[in-house]
Amino acid sequence: MPSNDQAAIPPYRPQEIEPRWQGRWEADALYRTSDDDPRPRWYMLTMFPYTSGDLHIGHWYAIAPSDVAARYQHMRGNNVLFPIGFDAFGLPAENAAISENIHPHTWTYRNVERMRAQLRRMGASFDWTREVITSDPEYYKWTQWWFLQLFKHNLAYRKQAPANWCPSCQTVLANEQVIRHEGEAGRCERCESVVETRDLEQWFFRITNYADELLDFSAIDWPERIVTMQSNWIGRSEGAEIHFPFDAPVAGVDRIRCFTTRADTVFGVTYLVLAPEHPLVEPLTAPDRRDVVQEYVRAARAATEIERQSIVRVKSGVFTGASARHPLTNRLLPIWIADYVLPSYGTGAVMGVPAHDVRDFAFARQFDLPIPTVIAPPDWDGAPLPEAYVGDGRMVNSGDFDGLSVKEGQAAVAARLQEMDRGGPDVSYRLRDWLISRQRYWGAPIPIIYCAACAIVPVPEEDLPVLLPEDAEFLPTGESPLAGHPTFTQVACPQCEAPARRETDTMDTFMCSSWYMFRYLDPHNDREPVRRDLAEKWLPVDQYTGGAEHAVMHLLYARFFTKAARDMGVLPVGEPFARLFNQGIILKGGQKMSKSRGNVVAPDVWVDKLGADAVRLYLMFLGPWDQGGDWDDRNIQGLSRWLNRVWTLVLRPPERAPSEESARTIRRLTHQMIRRATEDVERFRFNTMLAAMMECTNALARERDAGPVDGAAWDEAVQALILCLAPSAPHIAEELWQRLGRPYSVHQQAWPAWDPELAASETVTLVVQVNGKLRDRLTVAVGLPESEARAAAEASANVAAHLAGAAVRKVVYIPDKLINLVVG
RNA sequence: GCCGGGAUGGCGGAAUCGGUAGACGCGGCGGACUUAAAAUUCGCUGGCCGCGAGGCCGUGUGGGUUCGAGUCCCGCUCCCGGCACCA
């Protein structure tokens with residue numbers, strides 16, 4: 001085209017049009033969701049961000065495609081709810097408070113302000129009227145209410161438990177704050193001191209009550225990966241409990257209970273092992289063994305569980321001097337203690353079967369304990385085993401169980417023990433109860449009062465919220481920060497009115513995020529967490545998106561909360577999220593972005609340079625969303641260029657002339673594009689969706705440059721392109737839609753439908769092969785009969801050359817695809 | 001060690017009910033426009049051979065099934081993620 005045409009259309013200036021449309025949409029409340037809208041509901045949710053400071057490119061990568069999906073559902077005629085909020089309690093605010101000498105509240109709400117503004121620049125279709133901030137009293141009042149409900153239903157309990165204690169920071173650390181990776185395992189992430197264990201009274205939730213139900217994923221459509229991770233985390237093991245009696249009761253107990261998945265090996269037991277923390281260790285230990293046992297226990301307790309699990313697997317342990325009887329042979333079995341037995345799994349006691357367990361084998365070797373074989377490997381010659389044999393085989397040296405397979409033996413032994421009242425079938429889980437106490441300031445206070453007379457008293461619901469005092473001293477002092485507050489702890493017992501003391505721990509922030517998806521439905525309700533009819537209308541969330549790093553934390557806790565709430569009659573559903581999609585991680589130069597690496601991509605810089613639309617598109621285009629990808633400064637140019645081409649395509653009118661042929665071609669391009677874009681957006685394949693639209697743009701430009709186009713078909717094409725682009729690049733789509741004189745807003749138009757007939761091609765490329773090798777490509781009519789296809793193929797000079805006169809033995813014909821002539 | 005996921009041009013990635021490998025984009029090369037550059041735009045761009053028509057090779061690696069394999073089966077190598085003394 002002549003260059004002076006270019007002067008005729010205004011340049012594409014995202015910096016000018018994006019803020020203008022954002023202002024207009026907000027003024028018009030375009031994205032406000034009504035609860036009374038009769039259209040089908042669609043609850044689209046993206047994991048709310050933590051108030052960490054600036055919105056980084058990872059937030060954009062998580063949120064922008066989610067916004068595209070929400071906008072698409074809206075265009076499909078659904079009443080879409082797409083809310084946003086902030087996960088605002090937590091340790092980073094306290095750390096910032098300490099290092100920057102600023103109050104956590106100030107720090108957090110300043111970040112909320114900044115992040116709101118940055119989110120608005122993205123042009124996302126959030127309904128801001130439903131925003132929740134978990135550190136608002138209006139919100140955490142109900143977090144505390146949830147605690148009280150769980151307490152009332154016996155799903156919350158208090159017990160003494162070991163916690164990670166940093167002697168330098170003078171505070172308890174969450175497991176996540178203890179370095180786990182090899183070399184530095186068991187150290188504080190802030191000061192690198194060796195973390196100790198301290199016993200503290202802690203609050204727990206009985207998530208283990210729901211272990212089996214949490215293993216049932218049949219009602220939800222989640223990525224296989226997350227399902228597997230949750231299943232492994234819950235770790236259901238079927239086996240048996242086996243009781244080993246004492247000759248005389250010890251501390252009122254007459255037996256040691258062990259859990260095993262290998263009841264079939266019970267005749268191979270040569271010793272028992274207790275975890276050093278096991279309550280029977282003290283009463284069992286013989287007087288002459290006391291010193292050595294106490295020293296071992298002390299050393300074991302000095303290490304954290306994390307440390308114990310990460311040290312090299314050298315077996316250590318000491319003999320207690322006590323013994324128990326074998327339940328089936330009555331043999332005396334020495335009782336040891338060893339730190340390879342974990343106090344928190346099973347019963348904290350293990351039967352040692354050296355021949356058929358690699359850990360027991362190592363232990364027996366270390367301490368010279370007998371290693372009798374009781375499962376015969378195939379072709380076993382009766383010789384001692386060189387290593388633990390854990391495979392299948394027949395039971396031997398096992399009395400009347402000899403000859404049974406491993407599987408048969410497990411059932412038979414468990415049944416026999418049950419008859420004898422010495423145990424029986426049992427199930428064990430890796431999942432532990434959820435420890436929610438935090439000895440920290442910046443969290444929701446646990447609504448509990450301790451009274452000398454009435455013991456543990458829940459705060460009455462009408463007294464909620466228990467406000468977090470603003471004037472607490474939160475610097476690390478070795479005590480829970482609220483404990484040092486002059487008035488917070490002092491309270492009258494709600495039952496007897498005697499002076500009592502408040503609980504001073506706060507709740508794990510994962511509690512706040514376990515129910516936020518319900519609060520969006522009714523964010524300002526001051527009488528209940530969510531109105532029942534709204535929960536019935538909107539739940540479960542139709543589509544949830546977020547990172548896979550929350551697989552066994554947030555996503556598991558949220559499922560637990562929902563099931564508990566259903567059983568308490570609070571919610572009508574047992575699963576919070578019907579569908580889940582995990583986006584991947586965005587990298588820079590193949591590495592995670594971090595301030596210390598100096599490779600953090602700031603979205604604002606790119607919005608200034610190329611516009612939010614280009615940034616959104618690039619994030620969608622750089623690869624499949626679930627695989628993540630690497631940010632490359634150069635590649636984003638391609639998306640910006642494409643937007644410029646779309647801009648020009650729409651605004652520079654082509655030469656028009658009615659034409660059947662041109663109309664057919666343009667409509668075919670259009671409807672093929674709509675079909676591909678629709679199928680791809682449905683599957684969250686945003687990269688190929690955009691590729692389809694780019695191809696259409698390029699093809700339309702070629703049509704235009706080739707001569708006059710059919711005006712009606714052209715207008716349809718351009719409008720369809722804008723509509724398909726609208727969810728992905730909402731600003732330029734709105735601008736072009738307006739410039740075409742179409743009615744505001746493009747975002748309230750219907751997603752275009754494709755007509756299969758218009759999308760269909762009249763001709764196809766038929767691939768011609770000889771013996772499976774490509775020899776020619778023919779353009780033929782759709783649905784060509786085989787005889788004609790064969791004739792056409794054989795007429796090809798190159799095909800004839802390769803046939804070389806040989807007889808065709810077989811013809812493979814896939815209509816509209818390929819014909820393969822097999823010779824020889 | 002166990003459980004997932006993956007390996008395709010110079011780069012990011014397309015294509016999996018087995019049927020044209022490399023769509024789309026980046027980068028590169030060449031042309032147009034420009035005093036020049038940038039921007040824009042057009043063409044080419046897996047390797048080797050060939051003037052050309054065309055041929056041979058090619059989806060981590062070694063086998064196999066098939067008229068036909070990136071795709072299915074068996075064996076290996078490497079990379080990423082999760083779990084890790086769970087009895």
Side-chain angles (χ1 to χ4, degrees), chain A residues 1 3 6 11 180 223-229 231-233 235-237 239 258-262 265 273 275 308-315 338-342 344-353 356-360 362-363 428-432 548-549 551-552 584-585 590 617-618 621-624 626-639 641-642 644-645 648 676 685 687-695 697-698 701 705 765-777 797-798 801-802 809-814 817-824:
Chain A
M1 292 303 257
S3 58
Q6 249 161 358
R180 307 191 90 179
E224 195 59 41
R225 180 155 135 258
I226 303 295
V227 169
T228 305
M229 279 165 80
S231 299
N232 291 343
W233 186 262
R236 181 189 158 96
S237 289
C258 298
F259 175 78
T260 180
T261 54
R262 294 296 306 274
T265 64
V273 208
R308 270 164 63 173
Q309 290 180 17
S310 59
I311 47 179
V312 202
R313 290 153 175 69
V314 175
K315 293 289 175 286
D339 66 1
Y340 81 93
V341 176
L342 306 173
S344 49
Y345 181 76
T347 60
V350 166
M351 64 179 206
V353 185
H356 305 292
D357 180 281
V358 294
R359 296 152 302 185
D360 297 346
F363 190 80
S428 203
Y429 302 88
R430 296 168 102 103
L431 184 69
R432 311 289 156 80
E549 68 274 17
V552 294
I585 298 167
L617 291 180
Y618 175 52
F621 189 69
L622 54 72
D626 55 348
Q627 282 176 30
D630 202 83
W631 176 282
D632 185 332
D633 288 352
R634 280 180 309 194
N635 289 343
I636 190 174
Q637 298 288 343
L639 283 302
R641 280 179 202 153
W642 176 51
N644 270 293
R645 289 208 305 278
T648 309
R676 289 171 63 188
R685 299 291 299 257
N687 55 334
T688 49
M689 171 187 78
L690 295 178
M693 290 163 62
M694 288 175 184
E695 280 181 64
T697 310
N698 297 344
D705 294 346
T765 302
L766 185 73
V767 170
V768 184
Q769 297 183 337
V770 176
N771 285 344
K773 281 193 177 273
L774 176 76
R775 294 305 174 194
D776 205 351
R777 294 185 178 95
N798 197 42
H802 282 90
R809 183 163 57 80
K810 184 177 171 184
V811 177
V812 179
Y813 182 52
I814 314 291
K817 283 262 182 192
L818 139 162
I819 184 163
N820 186 9
L821 307 177
V822 185
V823 298

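All of these numbers come straight from a predicted model, not from anything done at the bench. The chains referred to below are lettered A, B, ... by the order of the sequence lines, with proteins before strands, and numbering in each begins at 1.
- Closest approach of A:Leu622 to A:Asp630, counting heavy atoms only: CD2-O, 4.1 Å.
- Atom C1' of nucleotide B:G82 and atom CG of A:Asn232 are separated by 8 Å, given to the nearest angstrom.
- Atom P of nucleotide B:A23 and atom CZ of A:Arg676 are separated by 12 Å, given to the nearest angstrom.
- Of the P atoms belonging to B:G9 and B:A84, the separation is 36 Å, rounded to the nearest Å.
- One interatomic measurement links the two molecules: CG of A:Asn798 to P of B:G52, which rounds to 16 Å at whole-angstrom precision.
- When distances are taken from the side chain of A:Arg225 to each of B:G25, B:C85, B:G4, the shortest belongs to B:G4.
- A straight line from CZ of A:Arg634 to P of B:C26 spans 11 Å, rounded to a whole angstrom.
- Between A:Lys773 and B:G54 there is no side-chain N or O to OP1 or OP2 distance below 4.0 Å.
- Here the nucleotide nearest the side chain of A:Met694, chosen from B:A87, B:G25, B:C3, is B:G25.
- Spacing between B:A21 and B:C26 at atom P, rounded to whole Å, works out to 25 Å.
- Heavy atoms of A:His802 sit under 4.0 angstrom from primed sugar atoms or phosphate atoms, though from no base atom.
- Atom-to-atom, CH2 of A:Trp233 to C1' of B:C2 comes out at 16 Å; the value is rounded to the nearest Å.
- The residue A:Asn698 sits close only to the backbone: its heavy atoms come under 4.0 Å of sugar-phosphate atoms, none of a base.
- Across all strands, A:Asn687 comes closer than 4.0 Å only to sugar-phosphate atoms, never to a base (heavy-atom distances).
- A:Asp360 is linked by a salt bridge (charged side-chain N to carboxylate O under 4.0 Å, His left out) to nothing, counting only residues two or more places apart in sequence or in another chain.
- When rounded to the nearest whole Å, the span between CZ of A:Arg430 and C1' of B:C85 equals 10 Å.
- Contact detail for A:Arg262 and A:Thr265: the closest heavy-atom pair is O-OG1, 2.7 Å.
- Among the protein residues, A:Val822 comes within range of the sugar-phosphate backbone only, with heavy atoms under 4.0 Å from sugar or phosphate atoms but none that close to a base.
- For the residue pair A:Ala548 and A:Ile226, the shortest heavy atom distance occurs at CB-CD1, 4.0 Å.
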Pull out every protein N or O sitting under 3.5 Å from an N or O of nucleotides 15-21 of chain B, one pair per line with the distance.
residue	atom	partner	partner atom	Å
B:A15	OP2	A:Arg685	NH2	3.3
B:G19	N2	A:Gln769	OE1	3.2
B:U20	O2	A:Arg777	NE	2.4
B:U20	O2	A:Arg777	NH2	3.2

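- A:Asp705 places its CG atom 14 Å from the C1' atom of B:A32, with the value rounded to the nearest Å.
- Counting non-hydrogen atoms under 4.0 angstrom, A:Arg236 reaches nothing in the nucleic acid.
- Between A:Met694 and A:Leu639, the shortest heavy-atom distance links the atoms CE-CD1, 3.5 Å.
- Across all strands shown, A:Arg641 has heavy atoms under 4.0 Å from sugar-phosphate atoms exclusively, and none from any base.
- A:Ser237 comes within 4.0 angstrom of the backbone, heavy atoms only, and of no base.
- Protein atom CG of A:Asn771 is 12 Å distant from nucleotide atom P of B:C56, rounded to whole Å.
- Across all their heavy atoms, A:Leu774 and A:Arg777 have their closest contact at CD2-NH2, 3.6 Å.
- What you find for A:Arg432 and A:Arg430 is that their closest heavy atoms are NE-O, 3.0 Å.
- Glycosidic conformation of B:G52 is anti; the angle lies outside 90° of 0.
- Relative ring orientation between A:Phe259 and A:Tyr345 is described as perpendicular, the plane-to-plane angle rising above 60° on a 0-90° scale split at 30° and 60°.
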